Amino acid sequence: MRSPRRALPALLLLPALAVVPASAAWGHGHDHGRGVGTVTTDVETPPLYDDEAGGSASGDDPAIWVHPGDSRDSLVLATAKEGGLRVYDTAGRELQSLSADPAPRADGVAGRYNNVDVAYGLRVGGERVDVAVVSDRYNDQLRFFAIDPDGADAESPLTEITAAEQGFLFQPDRAGVDSEQTAYGLAVWQPRDGEAYAVVTQEGTTRIGTVRIEPRADGTVGYADVDHLDLPASFDLSDGTTWTPCEEPGVGPQLEGLSVDQRTGMLYAAQEDVGLWRLSLPLGSGEPRLVDKVTDFGVHDTYDPETEECSPADGSSQEEAVAANPFGGDLLTADAEGVDVYHGPGRTGYVIVSSQGDDTYAVYSTTGRHRALGSFRVAGEDGVDDVNGSDGLAVTNRPVGPYRHGLLVTHDEPETGADVEAGRGDATGFSYVAWDDVADELGLVVSTRAGNDPRFR
């Protein structure tokens, strides 16, 4: 990334990471039968269907836009892949559906929107505008949508303002884009007023990219200064072996879930089959640190092309291999997916990570050695189904409508509630959880002061 102070190299590489057993590295042994807290939800968005009638909509990643004046007009934004974007109010009602239109470029094709985040207060066309930033996999680029300041009261809360002919983020040309190893996970970083960057991961690789977001005088938004960093794809274990996560041929251990602690410039990134990383921004300004690992980190697997699945190379079951594995963590069962930061007082707070493999959420401190603080699952009530297979998530410490102590929004797949139509394509959705319920269950802090969130500085 090119910061205002200096330019970084276009490509940074990291060697294989040396790893010791979890009991030595993190101060705890294995407890895969650990206690997991439970919180409840009675609010979910209407189901999305991945079929022709549903517009091939498949929910993936949410973001929360907090209205600066009336929190009741705040919005939840969510990607639906080939189905585009959805906009919801604080009661989970759909306000707007935006199709994944072709990108504004000569070779543009219909989009596939994967992840979304919010950049606050950009100077666009001479006005202060909050902007939804979206990764578009089918065009390997970012898309930008102005957020109407009236929020939920607006007739059309989002309007696309993507500048024409933006460069590809990872691929050299359209033929490379068609490989689909393209823009994937996304987070916005705003280190100071007037500056905004996007951090983006590449599908099927270990690569992270950063770009400077460029508002234009003509009312559009583009980007420039693309830089890349590669995280490790293999890890040297203390038993003398080298572990490489098992993937299908040609695919690396990718990252998707990203979040930036805006107060410190720390990026938290989930490498799906590896664990949770902490990286300093700008990229390359500090050594990446693996905060926690998935439970089967270090288990040597082999890939079966017939079943397209991985299994332990020694012939044991996955459960047996994990139980005997001295290298894995305790809280994350692959895939490690969605990530977001809850801002507490000062520089304290929490990193929340969705542990997709066991339908739970792990929580870590943002300070010190990022101590693991526990995990929880989300159970449905009053006709709402339990949350399963969560991908993306978003959290805010700010009051949002009826959620006076903050809100957690999480993806749910499959959606199995009473309102799901039988015989339709795979159903997905998003569920709302009151942050104070999570805090009560795990003994965490609730802090709603605006000063704790730099988006309101």
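All residue numbers refer to positions in the sequence shown, counting from 1. Everything quoted here is computed from the prediction, not taken from an experiment.
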* To do: Apply side chain to side chain donor-acceptor pair (under 3.5 Å) to the pair Thr162 and Glu160, showing each step before the final yes or no.
  => CA-CA 6 Å; Thr162 305; Glu160 183 162 14; 2.8 Å; yes
* Take the angle between the ring planes of Phe145 and Tyr113 and call it parallel below 30°, perpendicular above 60°, tilted in between. =>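 Perpendicular.
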* To do: For the residue pair Phe376 and Tyr361, categorise the inter-ring angle as parallel (less than 30°), tilted (30 to 60°) or perpendicular (more than 60°).
  =>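 Because their plane-to-plane angle is under 30°, the rings of Phe376 and Tyr361 count as parallel.
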* Salt-bridge present (Arg377, Asp359; N to O < 4.0 Å) ->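 No salt bridge links Arg377 with Asp359.
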* Hey, is Glu214 close enough to Arg212 for a salt bridge, meaning N to O under 4.0 Å? ->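 The answer is yes: the pair qualifies as a salt bridge.
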For [X] and [Y], indicate whether the former's side chain and the latter's backbone hold a donor-acceptor pair under 3.5 Å.
{"X": "Tyr364", "Y": "Val353", "value": "no"}
{"X": "Trp243", "Y": "Val299", "value": "yes"}
{"X": "Ser234", "Y": "Thr244", "value": "no"}
{"X": "Asp140", "Y": "Gln171", "value": "yes"}
{"X": "Glu415", "Y": "Leu48", "value": "no"}
{"X": "Thr333", "Y": "Gly357", "value": "no"}
{"X": "Arg278", "Y": "Arg369", "value": "no"}
{"X": "Ser355", "Y": "Leu332", "value": "no"}
{"X": "Glu320", "Y": "Ser317", "value": "yes"}
{"X": "Asn139", "Y": "Gln141", "value": "no"}

* To do: For Tyr184, enumerate each residue passing the side-chain hydrogen bond (donor to acceptor under 3.5 Å, both in side chains) test, keeping only those at least two apart in sequence or located in another chain.
  =>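 Tyr184 satisfies side-chain hydrogen bond (donor to acceptor under 3.5 Å, both in side chains) with Gln254 once adjacent residues are dropped.
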* To do: Would you please name every residue forming a side-chain hydrogen bond (donor to acceptor under 3.5 Å, both in side chains) with Tyr49, sequence neighbours left out?
  =>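 By the side-chain hydrogen bond (donor to acceptor under 3.5 Å, both in side chains) rule, Tyr49 matches no residue at all.
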* List the steps, then state whether side chain to side chain donor-acceptor pair (under 3.5 Å) holds for Thr367 with Thr348. => CA-CA 6 Å; Thr367 58; Thr348 66; over 6 Å; no
* To do: Take Tyr120 and Val131, measure what side-chain contact (heavy atoms from CB on, under 4.5 Å) needs, and give me the verdict at the end.
  => CA-CA 6 Å; Tyr120 285 82; Val131 176; over 6 Å; no
Would you call [X] and [Y] a side-chain contact if the rule is heavy atoms closer than 4.5 Å?
{"X": "Glu247", "Y": "Pro253", "value": "yes"}
{"X": "Trp435", "Y": "Ile352", "value": "yes"}
{"X": "Pro414", "Y": "Asp426", "value": "no"}
{"X": "Asp292", "Y": "Leu331", "value": "yes"}
{"X": "Val294", "Y": "Asp273", "value": "no"}
{"X": "Tyr197", "Y": "Val211", "value": "no"}

* **Closest approach of Asp340 to Ala394 (non-hydrogen atoms, all atoms of both residues)** =>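 Nearest heavy atoms, Asp340 then Ala394: OD2-CA, 3.3 Å.
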* Using side chain to side chain contact (heavy atoms under 4.5 Å, CB included) as the criterion, list what pairs up with Ser99, not counting sequence neighbours. =>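 For Ser99 the side chain to side chain contact (heavy atoms under 4.5 Å, CB included) partners, ignoring immediate neighbours, are Asp101.
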* **side chain to side chain contact (heavy atoms under 4.5 Å, CB included) partners for Arg347, two or more places apart** =>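 With sequence neighbours excluded, Arg347 shows a side chain to side chain contact (heavy atoms under 4.5 Å, CB included) to Thr264, given in chain and number order.
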* For a side chain to side chain contact (heavy atoms under 4.5 Å, CB included) with Asp436, tell me which candidate from Leu407, Leu444, Val446 qualifies. =>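 Going through the options one by one, the only one that passes is Val446.
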* For a side chain to side chain contact (heavy atoms under 4.5 Å, CB included) with Asp385, tell me which candidate from Asp412, Val420, Thr41 qualifies. =>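 Only match with Asp385 under side chain to side chain contact (heavy atoms under 4.5 Å, CB included): Asp412.
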Between atom [atom1] of [X] and atom [atom2] of [Y], what is the distance when rounded to the nearest 0.5 Å?
{"X": "Leu279", "Y": "Leu267", "atom1": "CG", "atom2": "CG", "answer": "5.0 Å"}
{"X": "Thr210", "Y": "Asp225", "atom1": "OG1", "atom2": "CG", "answer": "8.5 Å"}
{"X": "Asp301", "Y": "Asp296", "atom1": "CG", "atom2": "CG", "answer": "6.5 Å"}

* Asked: Does one side chain, of Ser135 or Asn114, offer a donor that lies under 3.5 Å from an acceptor on the other?
  ->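 No, Asn114 and Ser135 have no side-chain donor paired with an acceptor closer than 3.5 Å.
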* Asked: Taking atom types as modelled and ignoring hydrogens, do the side chains of Tyr303 and Glu309 form a donor-acceptor contact shorter than 3.5 angstrom?
  ->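 The criterion, which ignores hydrogens and geometry beyond distance, is not satisfied for Glu309 and Tyr303.
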* Let me see the working for Phe430 and His411 under ring-ring contact (aromatic ring centres under 6.0 Å, His included), right down to the final yes or no. => CA-CA 4 Å; Phe430 299 89; His411 170 253; 5.8 Å; yes
* **Check against side-chain contact (heavy atoms from CB on, under 4.5 Å), Leu122 and Ile213** => CA-CA 9 Å; Leu122 302 186; Ile213 297 173; 4.1 Å; yes
* Sort and list the pairs that fulfil disulfide bond (SG atoms under 2.5 Å apart) and have at least one residue in residues 228-341, not counting sequence neighbours. =>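 Output for this query lists Cys246-Cys310.
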* To do: Decide side chain to side chain donor-acceptor pair (under 3.5 Å) for Asp130 and Trp65; before the verdict, give the C-alpha distance in whole Å, the side-chain angles of both, and the deciding distance to 0.1 Å.
  => CA-CA 9 Å; Asp130 295 340; Trp65 176 77; 2.9 Å; yes
* Ring centroid separation for Phe297 and Phe235, is it under 6.0 angstrom? ->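 They qualify: ring centres under 6.0 Å apart.
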* Asked: Mind checking whether Trp277 and Tyr268 have ring centres under 6.0 Å apart?
  ->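 No - the distance between ring centres of Trp277 and Tyr268 does not fall below the 6.0 Å cut-off.
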* Qualifying residues under salt bridge (Lys or Arg N to Asp or Glu O under 4.0 Å), relative to Glu94, sequence neighbours excluded ->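 Applying salt bridge (Lys or Arg N to Asp or Glu O under 4.0 Å) to Glu94 gives Arg86.
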* To do: Could you please spell out the steps behind the side chain to side chain donor-acceptor pair (under 3.5 Å) verdict for Thr79 and Asp60?
  => CA-CA 6 Å; Thr79 58; Asp60 193 298; 4.6 Å; no
